[in-house]
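FYI, the numbering just counts along the sequence from 1.
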Amino acid sequence: MAEVQSGLEGVVAFATQIAEPDKEGSALRYRGVDIEDLVGRVRFEHVWGLLVDGGYLPGLPPAEPHPLAIRSGDARVDIQSALAMLAPEWGLGQLLDISDEQARRDLARASVMALSFVAQSARGPGQPPIPQSEVDKAATIPERFLIRWRGEADPDHARAIDAYWISAAEHGMNASTFTARTVASTGADAAASLSAAVGALSGPLHGGAPSRVLEMIGAVEESGDPESYVKQVLDSGGRLMGFGHRVYRAEDPRARVLRRTAREIGAPRLEVAEALEKAALEELKARKPDRVLATNVEFWSAVVLDFAGVPPELFTPMFACARVAGWSAHILEQKREGRLIRPTAKYIGPAPRPWNAVEGAEQIEASQQAA
């Protein structure tokens, strides 16, 4: 057996045609198209089509009217639970038993419902739902999302969300995407595969870092001294969120796209974010000259989402909204591959031993004799 790779780092598990994170060239391409060429030119719903179908059209359709039945107070939990319920509610077939065409339709219906569920959850309990006639006035999926959430869609906010969703739509193999493919490989339905992927976002190490970036920006706004703040964090053994990436050996291309977006939309926290970024990069380079610790997507995601009025508790659900595109593409690709994902583990536990060599055996024997 090959040596165990902790966290499966560097292990090639799949051949994919979906995305190509270029770790040396600081680029991210969706089926060969650089995301820098997509943001601002192609809408998110058509980028969903590019990832899933290989072409922009027809893309992601509007969501069907479907009220959110689960309100836990946590939008991520709401979306995960509501997605899982779609299969029995809609009669979705299992991927093992349906055609690729039907699987694609199921993924499209469930994907856009994820966006609708987040918008409804964000609206909060006790708030009347926005009439469907108002939602239908929107021209784009981000606008529909905002109207369903707030009752109106600021064009600049819609533009910011569209840029974020496109930038975060897909990024190769990661915890949530691997989860989606694993569940899909069992032949489960499309909604269950998407729901499982959302569950992989429960922890802060995948999809939740932008909220922590916002805390850093707030601290620098208060102190007015980004250099001192950065040194204080690092001197105390803390971590600067939004810098460094396990894939890229240069700047995360998604950070570059979202920085550009923040400048174009005039994000109010642009100046303080740029000052913090400059101070952080200089200090990290001085302290760790042998490591590449460039800006990653989480840093500028925080600035763009904050501009769009998205509160920190919705950052992870917004990431899920974006990533349904990549998840759907991988689920469909895995269905076509038709092979159960079943890795091997190297056993390093105790050697063969009798049952009474285990701690607690004497007490169990004594209780059995007493009975």
With the threshold set at 4.0 Å, does a side-chain nitrogen-carboxylate oxygen contact exist between R259 and E251? yes

State yes or no: do W149 and I130 share one hydrophobic cluster built from I, L, V, M, F, W and Y residues joined by side-chain heavy-atom distances below 4.5 Å, directly or via other members? no

Before you tell me yes or no, could you show the steps for N174 and S176 under side chain to side chain donor-acceptor pair (under 3.5 Å), namely the whole-Å CA-CA distance, both residues' side-chain angles and the distance that decides it to 0.1 Å? CA-CA 6 Å; N174 47 71; S176 60; 3.0 Å; yes

Group every Ile, Leu, Val, Met, Phe, Trp and Tyr by side-chain heavy-atom contacts under 4.5 Å, then state whether L83 and L314 land in the same group. yes

Lys/Arg-Asp/Glu bridge criterion (N-O < 4.0 Å) met for R336, D100: yes

Are R104 and E101 close enough for a salt bridge, meaning some N to O gap below 4.0 Å? no

The single option from R256, E277, R254 that satisfies side-chain hydrogen bond (donor to acceptor under 3.5 Å, both in side chains) with T295 is E277

Starting from the C-alpha separation in whole Å, work towards a yes-or-no answer on side chain to side chain contact (heavy atoms under 4.5 Å, CB included) for T261 and Y164. CA-CA 9 Å; T261 299; Y164 170 71; over 6 Å; no

Using 0.5 Å steps for rounding, measure from the CG atom of L276 to the CE atom of M216. 5.0 Å

For R29 and D22: C-alpha separation, side-chain torsions, deciding distance, then whether salt bridge (charged side-chain N to carboxylate O under 4.0 Å, His left out) applies. CA-CA 8 Å; R29 292 177 284 272; D22 184 346; 3.3 Å; yes

Will you find, in the side chains of R323 and H171, an N or O donor that is under 3.5 Å from an N or O acceptor? no

Can we call the ring centroids of W165 and F145 under 6.0 Å apart? yes

One thing to verify: whether E274 and R263 come together as a salt bridge, which I'm taking to mean a side-chain N less than 4.0 angstrom from a carboxylate O. yes

Hey, could you give me each pair passing ring pair (Phe, Tyr, Trp, His ring centres under 6.0 Å) that has a residue in residues 351-371? Not counting sequence neighbours. none

d(D156 CG, I265 CD1) to nearest 0.5 Å is 7.0 Å

I'd like to know if the side chain of D78 and the backbone of S72 have a donor-acceptor N/O pair within less than 3.5 Å. yes

Between the side chain of T182 and the main-chain N/O of F178, is any donor-acceptor distance below 3.5 Å? yes

Hey, what do you get for CZ (R181) to CD (E337), rounding to the nearest 0.5 Å? 5.5 Å

Can any side-chain N or O of R123 pair as donor or acceptor with the backbone N or O of P128 at less than 3.5 Å? yes

Side-chain donor/acceptor of E170 to backbone N/O of G172, under 3.5 Å: yes

From the list S167, S26, P21, side chain to side chain contact (heavy atoms under 4.5 Å, CB included) with P253 holds only for S26

Taking all non-hydrogen atoms of both residues, which atom of L60 and which atom of F44 are closest, and how far apart? CD2-CE2, 4.1 Å

Nearest 0.5 angstrom please: I79 CD1 to L115 CG, how far? 7.5 Å

Any chance you could lay out the salt bridge (charged side-chain N to carboxylate O under 4.0 Å, His left out) test for K285 and E282, step after step, and finish with the verdict? CA-CA 5 Å; K285 184 176 181 180; E282 290 177 352; over 6 Å; no

Tell me whether F315 is reachable from F307 by hopping between hydrophobic residues (I, L, V, M, F, W, Y) whose side-chain heavy atoms are closer than 4.5 Å. no

So how far is it from S81 OG to L86 CG, rounded to the nearest 0.5 Å? 11.0 Å

Begin from the C-alpha positions of R287 and E283 and carry the test side chain to side chain contact (heavy atoms under 4.5 Å, CB included) through to its verdict. CA-CA 6 Å; R287 296 191 182 211; E283 191 65 22; 2.7 Å; yes

Carefully, step by step, assess E298 and R212 under the rule salt bridge (charged side-chain N to carboxylate O under 4.0 Å, His left out). CA-CA 9 Å; E298 310 289 5; R212 301 187 179 206; over 6 Å; no

Rounded distance [0.5 Å steps], CG in L284 versus CG in L234: 5.5 Å

Closer than 3.5 angstrom, by distance alone: can the side chain of Q334 be matched with the main-chain N or O of R339 as a donor-acceptor pair? yes

L270 and A262 have their tightest heavy-atom pair at CD1-CB, 4.2 Å

Could you walk me through whether S116 and E64 pass the side chain to side chain contact (heavy atoms under 4.5 Å, CB included) test, one step at a time? CA-CA 9 Å; S116 174; E64 302 168 31; over 6 Å; no

Looking at every non-hydrogen atom in both residues, tell me the closest pair between S328 and L107 and how far apart they are. O-CD1, 3.5 Å

Give the cluster check for L194 versus I98: same hydrophobic cluster or not, with ILVMFWY residues linked at side-chain heavy-atom distances below 4.5 Å. yes

Between A82 and I70, the two heavy atoms sitting closest are N-CD1, 4.0 Å

Would you kindly say whether E45 and T140 are connected by a side-chain donor-acceptor distance under 3.5 Å? no

Note: E143 and A138 closest approach over all heavy atoms is CB-CB, 3.6 Å

For the hydrophobic clusters of this structure (ILVMFWY residues joined by side-chain heavy atoms under 4.5 Å, transitively), does one cluster hold both M318 and V39? yes

All heavy atoms of T16 vs all of H330, minimum pair found to be OG1-CE1, 3.8 Å

Does any N or O in the side chain of S195 come within less than 3.5 Å of the main-chain N or O of Q80, such that one atom is a donor and the other an acceptor? yes

Does S228 reach the main-chain N or O of D225 with its side chain, forming a donor-acceptor pair under 3.5 Å? no

Charged N to carboxylate O under 4.0 angstrom, D136 versus R144? yes

Are E264 and R260 ion-paired here, with the side-chain N under 4.0 Å from a carboxylate O? yes

Do any pairs count as a ring pair (Phe, Tyr, Trp, His ring centres under 6.0 Å) and have a residue in residues 94-122, sequence neighbours left out, and if so which ones? H66-F117

Side chain to side chain contact (heavy atoms under 4.5 Å, CB included) assessment of L38 paired with D34: CA-CA 7 Å; L38 292 171; D34 196 305; over 6 Å; no

